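To keep things clear, I will list the structure first and then write my remarks on it.
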Amino acid sequence: MDVRAQTSMVFHLDKCIGCHTCSIACKNLWTDRAGTEYMWWNNVETKPGTGYPTRWEDQEIWRGGWEKATSSGNGHLQLRSQSRVSGLFKLFYNTHQPGLDDYYEPWTYRYGDLFDAPEGDQQPTAVPVSQITGKPIDIKAGPNWDDDLSGSPIYAANDPNLDAISEDERQALFAIERMVMMYLPRICNHCANPVCVASCPSGAMYKRGEDGIVLTSQDLCRGWRACVVGCPYKKTYFNWKTGKAEKCILCYPRLETGQAPACFHACVGRIRYMGVVLYDASRIEEVASAPLESLVDGQRSLLLDPFDPAVIAAAEASGVAAQMIAAAQQSPVWKFVREWGLALPLHGEYRTLPMLFYVPPLLPVMSRSTESRLPLRYLASLFGAGNTSVVQDSLRKLMGVREYRRTSDAHALDGTGLTPPQADAIYRLTALATLEERYVLPPLQREAMIAAADEQRGNAGLGRTVPPGRGI
């Protein structure tokens with residue numbers, strides 16, 4: 001058992017109000033530089049919808065993620081984007097990477113048209129200009145272009161996940177003018193089996209040993225952009241100014257002082273949870289190679305019980321700091337994913353084992369219907385790798401907790417597998433939790449955490465295994 005610590009996350013979609021405060025907090029902090037104008041490390045999509053970049057989920061176009069090899073018959077995983085041989089021919093250009101039109105051409109406005117406008121009877125208008133060329137542009141799309149109900153059904157109808165539902169469900173979905181919808185906030189998943197790390201020819205992408213955050217060494221990056229192609233979530237970007245790759249770094253300078261990332265801290269709906277989980281790295285290939293219907297349960301089984309003495313001993317032997325183990329025991333992520341079985345990974349069929357999990361949305365609170373907000377097979381396409389049973393199980397539990405809180409009748413939990421104390425705990429963490437309960441992080445600087453792990457391993461007669469960082 002090779003125990004690793006991972007900083008993991010849960011987004012509760014029943015609570016997201018689509019305000020984009022998270023996106024703006026991230027944008028102002030990290031991507032306001034030349035070459036990053038088009039980057040949104042955090043974005044909030046409206047589903048059904050094509051997302052950002054356009055149709056990022058259509059891997060027939062982008063060839064991202066892992067796939068099971070069939071030619072050899074042994075079922076091992078291989079990159080969809082390239083092989084070792086084909087990767088050599090794709091170093092300088094890869095046809096499967098999105099272009100600026102797939103993202104959007106970022107723009108600003110000539111505010112002088114407002115400030116310096118002469119007096120007149122007409123309201124002056126600021127002309128939009130491209131942040132790339134500085135020339136006036138005709139805005140036709142953007143990362144939040146189809147936000148809320150403002151867009152046409154055209155964008156929603158092009159959502160690849162709609163292929164999973166029947167024609168009758170599709171017609172019913174669009175018969176009420178897009179009123180049936182949900183928000184999907186997205187950041188880098190900091191996967192346990194990241195394609196960006198595996199596909200990088202220069203070794204610039206790496207996963208930090210002490211907390212699992214996936215970062216990019218700006219010194220080693222050569223701008224090959226294999227990480228952009230390989231990431232099925234399209235959360236790695238190319239900085240056209242520096243010629244380097246950039247991505248969400250989970251605000252690790254804040255994490256190292258015990259603070260939540262900016263997008264988490266700014267979240268108005270309090271949908272975000274963060275904590276440490278322990279997982280068995282020796283089972284990654286086994287779990288990621290599982291059949292589609294077993295992927296979600298397999299990933300859940302990868303997470304280890306932080307209270308198990310055997311797990312604690314193995315974690316200490318692997319160099320996991322005691323502070324990380326203590327944080328894992330108080331982790332809200334462990335509760336949502338394993339203890340309660342509510343949170344699910346986004347597109348587990350990409351086999352990257354994402355460490356960002358989502359609690360699927362229910363119908364609005366005034367409804368007593370047991371039906372989900374969107375067709376079950378649509379939600380299963382997003383969160384169940386096509387397996388409707390895992391999504392249905394999560395929704396059944398959520399509905400049970402809602403009804404139990406309304407009526408105080410324990411029979412409302414029949415068939416959910418939850419007890420009244422668990423239902424009360426779910427309600428508290430969902431509706432009443434403080435900042436300290438939603439973000440459980442060890443308040444240590446990274447250097448102190450590595451030193452503590454080294455001392456811990458030294459006392460056990462073991463050598464250093466936690467590698468130092470390699471830049472940002």
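These numbers were taken from a predicted model, which means no experiment stands behind them. For the single chain, residues carry numbers from 1 onward in sequence order.
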Open item on the list: Show, in sequence, the C-alpha distance, side-chain angles and deciding distance for D211 and L250, and conclude whether the side chain to side chain contact (heavy atoms under 4.5 Å, CB included) test is met.
Closed with: CA-CA 11 Å; D211 55 16; L250 207 57; over 6 Å; no
Open item on the list: side chain to side chain contact (heavy atoms under 4.5 Å, CB included), that's the test. Do R405 and T430 meet it? Break it down for me.
Closed with: CA-CA 12 Å; R405 292 296 304 180; T430 300; over 6 Å; no
Open item on the list: With a 4.5 Å cut-off on side-chain heavy atoms, are V333 and V440 touching?
Closed with: no
Task: Within-4.5 Å side-chain heavy-atom neighbours: Q6 and L303 - done: no
Open item on the list: Return the NZ to CD distance between K135 and E105, rounded to the nearest 0.5 Å.
Closed with: 10.5 Å
- [ ] Any salt bridge (charged side-chain N to carboxylate O under 4.0 Å, His left out) involving residues 335-348? Give me the pairs, sequence neighbours left out, ordered by first then second residue.
- [x] none
Task: Shortest non-hydrogen contact from I187 toward L356 - done: CG1-CD2, 3.9 Å
TODO: With rounding to the nearest 0.5 Å, note down the distance linking CG in N94 to OG in S199.
DONE: 10.0 Å
Open item on the list: For K234, is there an ion pair with E45 - N to carboxylate O distance below 4.0 angstrom?
Closed with: no
- [ ] Without swapping roles, check the side chain of S301 against the backbone of G298 for a donor-acceptor pair under 3.5 Å.
- [x] yes
Open item on the list: Between R55 (side chain only) and N158 (backbone N and O only), is there a donor and an acceptor less than 3.5 Å apart?
Closed with: yes
Open item on the list: Just verifying a value: how many Å separate I325 CD1 and Q330 CD, rounded to the nearest 0.5 Å?
Closed with: 13.5 Å
Open item on the list: Run the side-chain contact (heavy atoms from CB on, under 4.5 Å) test against S389 and tell me which residues pass, sequence neighbours left out.
Closed with: N387
Task: Heavy-atom closest pair, residues R300 and L344 - done: NH2-CD2, 3.1 Å
Open item on the list: Please find the pair of heavy atoms, one from N193 and one from A288, that lie closest to each other, and give the distance.
Closed with: ND2-CB, 3.8 Å
Open item on the list: Less than 6.0 angstrom separating the ring centers of Y38 and Y104, yes or no?
Closed with: no
- [ ] Mark yes or no for whether E57, through its side chain, and T54, through its backbone, hold a donor-acceptor pair below 3.5 Å.
- [x] no
Task: Whether W40 side chain and Y52 backbone form a donor-acceptor pair below 3.5 Å - done: no
Open item on the list: So does C267 get a backbone contact from the side chain of T21, meaning a donor-acceptor N/O pair under 3.5 Å?
Closed with: no
TODO: Indicate yes or no for a side-chain donor-acceptor contact from D102 to the backbone of G99 under 3.5 Å, with no hydrogens or angles considered.
DONE: yes
Open item on the list: I'd like to know if the side chain of Q259 pairs up with that of T257 as donor and acceptor (distance under 3.5 Å, no hydrogens or angles considered).
Closed with: yes
Open item on the list: I'd like to know if the side chain of K247 reaches the main chain of M205, judged simply by a donor and an acceptor atom lying under 3.5 Å from each other, with no hydrogens or angles considered.
Closed with: no
Open item on the list: Return the CD to CG distance between Q299 and D297, rounded to the nearest 0.5 Å.
Closed with: 10.5 Å
Open item on the list: Can you confirm if the NZ or CZ of R186 lies within 45° of the ring axis of Y233 and under 6.0 Å from the centre of its six-membered ring?
Closed with: no
Open item on the list: Applying the ring pair (Phe, Tyr, Trp, His ring centres under 6.0 Å) criterion to F11, which one of F264, F383, Y273 satisfies it?
Closed with: F264
Open item on the list: Are L353 and P345 packed together at the side-chain level, in the sense that at least one heavy-atom pair is separated by less than 4.5 angstrom?
Closed with: no
Open item on the list: Can you confirm whether P124 sits close enough to L114 that some side-chain heavy atom of one is under 4.5 Å from a side-chain heavy atom of the other?
Closed with: yes
Open item on the list: What's the separation between atom CD1 in I213 and atom CD1 in I249, rounded to the nearest 0.5 Å?
Closed with: 8.5 Å
Open item on the list: So for atom CG, which belongs to D101, do other residues, nucleotides or ligands contribute more than 12 heavy atoms lying within a distance under 6.0 Å?
Closed with: no
Open item on the list: So which atom in P442 and which in A327 form the shortest heavy-atom distance, rounded to 0.1 Å?
Closed with: CD-CB, 3.9 Å
Open item on the list: Testing the basics here: between V228 and F238, what is the closest heavy-atom pair and its distance to 0.1 Å?
Closed with: CG2-N, 4.3 Å
Task: Non-hydrogen side-chain atoms of Y252 and R208 separated by less than 4.5 Å - done: yes
Open item on the list: So, using salt bridge (Lys or Arg N to Asp or Glu O under 4.0 Å) as the criterion, who are the partners of D280 when residues are at least two apart?
Closed with: none
Open item on the list: Please report the interatomic distance CG(L162) to CD(E169), rounded to the nearest 0.5 Å.
Closed with: 10.0 Å
Task: Least distance between heavy atoms, P48 atom then L173 atom - done: CG-CD2, 3.7 Å
- [ ] Take atom NE2 of H265 as the centre, draw a 6.0 Å sphere, and report whether it contains more than 12 heavy atoms from other residues, nucleotides or ligands.
- [x] no
TODO: Apply the test side chain to side chain contact (heavy atoms under 4.5 Å, CB included) to residues M324 and E210: give CA-CA distance (whole Å), side-chain angles for both, the deciding distance (0.1 Å), then the verdict.
DONE: CA-CA 9 Å; M324 295 293 277; E210 68 273 20; 5.6 Å; no
- [ ] Side-chain contact test, heavy atoms from C-beta onward, threshold under 4.5 Å: evaluate it for C248 versus K235 and give yes or no.
- [x] no
TODO: Check side-chain contact (heavy atoms from CB on, under 4.5 Å) between K397 and all other residues, then give those that pass, not counting sequence neighbours.
DONE: L342, D393, T416, L418
TODO: Check the pair L398, V401 against side chain to side chain contact (heavy atoms under 4.5 Å, CB included), reporting the backbone distance first and the verdict last.
DONE: CA-CA 5 Å; L398 292 171; V401 172; 5.9 Å; no
- [ ] Return yes if some donor-acceptor pair links the side-chain N/O of H12 with the main-chain N/O of P361 below 3.5 Å, else return no.
- [x] no
Open item on the list: Strictly by salt bridge (charged side-chain N to carboxylate O under 4.0 Å, His left out), give each pair with a member in residues 30-39 just once, sequence neighbours left out.
Closed with: R33-E246
Task: Y109 side chain reached by P128 side chain, heavy atoms, under 4.5 Å - done: yes
Task: Side-chain donor or acceptor of Q59 paired with backbone N/O of P232 under 3.5 Å - done: yes
Open item on the list: Quick one: does any side-chain atom of N189 pair with a main-chain N or O of C191 as donor and acceptor, under 3.5 Å?
Closed with: no
Open item on the list: I'd like to check P185 versus V44 (side-chain heavy atoms, cut-off strictly below 4.5 Å). Are they in contact?
Closed with: yes
Task: Pairing residues for F115 by the side-chain contact (heavy atoms from CB on, under 4.5 Å) criterion, not counting sequence neighbours - done: Y111
Open item on the list: Tell me if the aromatic rings of F336 and Y358 count as close, with their centers under 6.0 Å from one another.
Closed with: no
Open item on the list: Pairing donors with acceptors under 3.5 angstrom, does anything connect the side chains of N239 and T36?
Closed with: no
